[in-house]
2 protein chains.
Amino acid sequence: MNKVKLDEIDHQILDMLIDNTRTPFTDIAKKLLISAGTVHVRVKKMEESGIIKGSSLTLDYVKLGYSFIAYVGIFLEKTHQTKFVLERLSQIPYVTVAHITTGKFNIFCKIRAKDTTHAKNIIFKIDDIEGISRTETMISLEESINDKRRLMHTIFNEL
Amino acid sequence: MNKVKLDEIDHQILDMLIDNTRTPFTDIAKKLLISAGTVHVRVKKMEESGIIKGSSLTLDYVKLGYSFIAYVGIFLEKTHQTKFVLERLSQIPYVTVAHITTGKFNIFCKIRAKDTTHAKNIIFKIDDIEGISRTETMISLEESINDKRRLMHTIFNEL
DNA sequence: GGTGAAACTTCTAATAA
DNA sequence: TTATTAGAAGTTTCACC
């Protein structure tokens, strides 16, 4: 859970890998004027320390037939049911993100669906979970920003 | 924007790469009983067709000193200012996601910050954008689910 | 810590089926 | 479309700074 110290070299390695996880270590080495072996060792260390948790593809959900996004705010009957409800939510694969929140809602989640009909079924399934008193849905008309890279570049340039 | 047809082999390739983008094609080939060349050709095609948009590292934000997540609902003075406001939001790197939504809010965004003080500054910056009449913040106490892989596995097993 | 080179593995593109 | 293959390229290890 604690912070980890990374130096400028580490930041630059991450900065390149963030945009393409398959960037050859030899390319990174060339750009940073270090050896490929060093890149390898540093990446390995960042994996071991947990800074790098893994890698994943960015796929085009729309092309896969999943163009519907909605956020669902959940009101619980009693807050101590949070764990149980989250357990149930996690069994619905279309719920891709969920947070316990302060403010308006007790739990806040994001769903991905094929279309409105599909989404309706998912939301009904959520509504049916015991312990949930009410939900409020916000349908995404357009995902205008989705860019963790900008944040990462900012973080890496901070030091 | 249109859907793309993928067969079972493509799905299985994606399914393996989703969990680790550096999985050697030779490993994938062995598991699927095809040649590494075939894997290579298919991945390339999926990249060209746009199904695979890219790859990215999953980093531990907490270890990087960014443990604060909040969702901010935005009410606009007039809806036609949406574009302008989004433009401004996209200049704040700590705003990692933003959607135009129906329902309670006009725009809905997610922010990542170091701590509450940092978050406060970001939210003030959002509040200051011209055209925004009011915002409502939901602070994440815990990110309980964050798993697009479960969804992908489901999609791949659908056919 | 880092390097450079050797040994090993993987990628890639051309050819053939 | 897929398989094979061989040369190019990348990764990983290790003795030595």
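Both backbone and side-chain heavy atoms feed into the values below; hydrogens, waters and symmetry mates do not. Quantities reported herein were computed from a predicted structural model and do not represent experimental measurements.
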Without decimals, in angstroms, what is the distance between A:Leu32 CG and C:dT3 C1'? 15 Å

Can you measure A:Leu6 atom CG to C:dG1 atom C1' for me and round it to whole angstrom units? 15 Å

Regarding A:Arg112 and the six-membered ring of A:Phe68, is the cationic atom NZ or CZ under 6.0 Å from the ring centre and inside 45° of its axis? no

Here the distance between atom C1' of D:dA3 and atom CZ of B:Phe25, to the nearest Å, is 17 Å

Taking for each residue the nucleotide of DNA chain D bearing the nearest heavy atom, is the 5' side occupied by B:Ala36 or by A:Val41? B:Ala36

Under the criterion salt bridge (charged side-chain N to carboxylate O under 4.0 Å, His left out), I'd like the reasoning laid out for B:Arg150 against B:Asp147: C-alpha separation, chi angles, the key distance, then a yes or no. CA-CA 6 Å; B:Arg150 241 173 44 251; B:Asp147 194 354; 3.4 Å; yes

What does A:Lys30 touch in the nucleic acid at a heavy-atom separation under 4.0 angstrom: a base, only the sugar-phosphate, or nothing? nothing

In whole Å, I'd like the distance from the CG atom of B:Leu33 to the P atom of D:dT4. 12 Å

Member of A:Thr23, A:Thr21, A:Thr58 meeting the side chain to side chain donor-acceptor pair (under 3.5 Å) criterion with B:Ser55: A:Thr21

What is the distance, rounded to the nearest whole Å, between atom CD of B:Glu48 and atom C1' of C:dA13? 14 Å

Check this for me: does any side-chain nitrogen of one of A:Asp7 and A:Arg42 sit under 4.0 Å from a carboxylate oxygen of the other? yes

Does a side-chain N or O from A:Thr26 land closer than 4.0 Å to OP1 or OP2 of D:dA9, or not? no

Under 4.0 Å from OP1 or OP2 of C:dC11: is there any side-chain N or O of A:Arg22 that close? yes

Establish, with yes or no, whether the OP1 or OP2 oxygen of D:dT12 is under 4.0 angstrom from a side-chain nitrogen or oxygen of A:His40. yes

Looking at B:Thr38, does any N or O in its side chain come under 4.0 Å of the phosphate oxygens OP1/OP2 on D:dA3? yes

Rounded to the nearest Å, what distance is computed from the CD1 atom of residue A:Ile34 to the C1' atom of nucleotide C:dG4? 14 Å

N/O (side chain, B:Lys44) to phosphate O (OP1/OP2, C:dC11) under 4.0 Å: no

Using OP1 and OP2 only, check whether a side-chain N or O of A:Ser35 sits under 4.0 Å from C:dG4. no

NZ/B:Lys125: more than 12 non-hydrogen atoms of other groups inside 6.0 Å: no

Value in whole Å for how far the C1' atom of D:dT2 lies from CD of B:Glu8: 18 Å

Under 4.0 angstrom between A:Arg42 side-chain N/O and C:dG1 OP1 or OP2: no

Can you check the A:Asp27 CG to D:dA8 C1' distance for me, whole Å? 14 Å

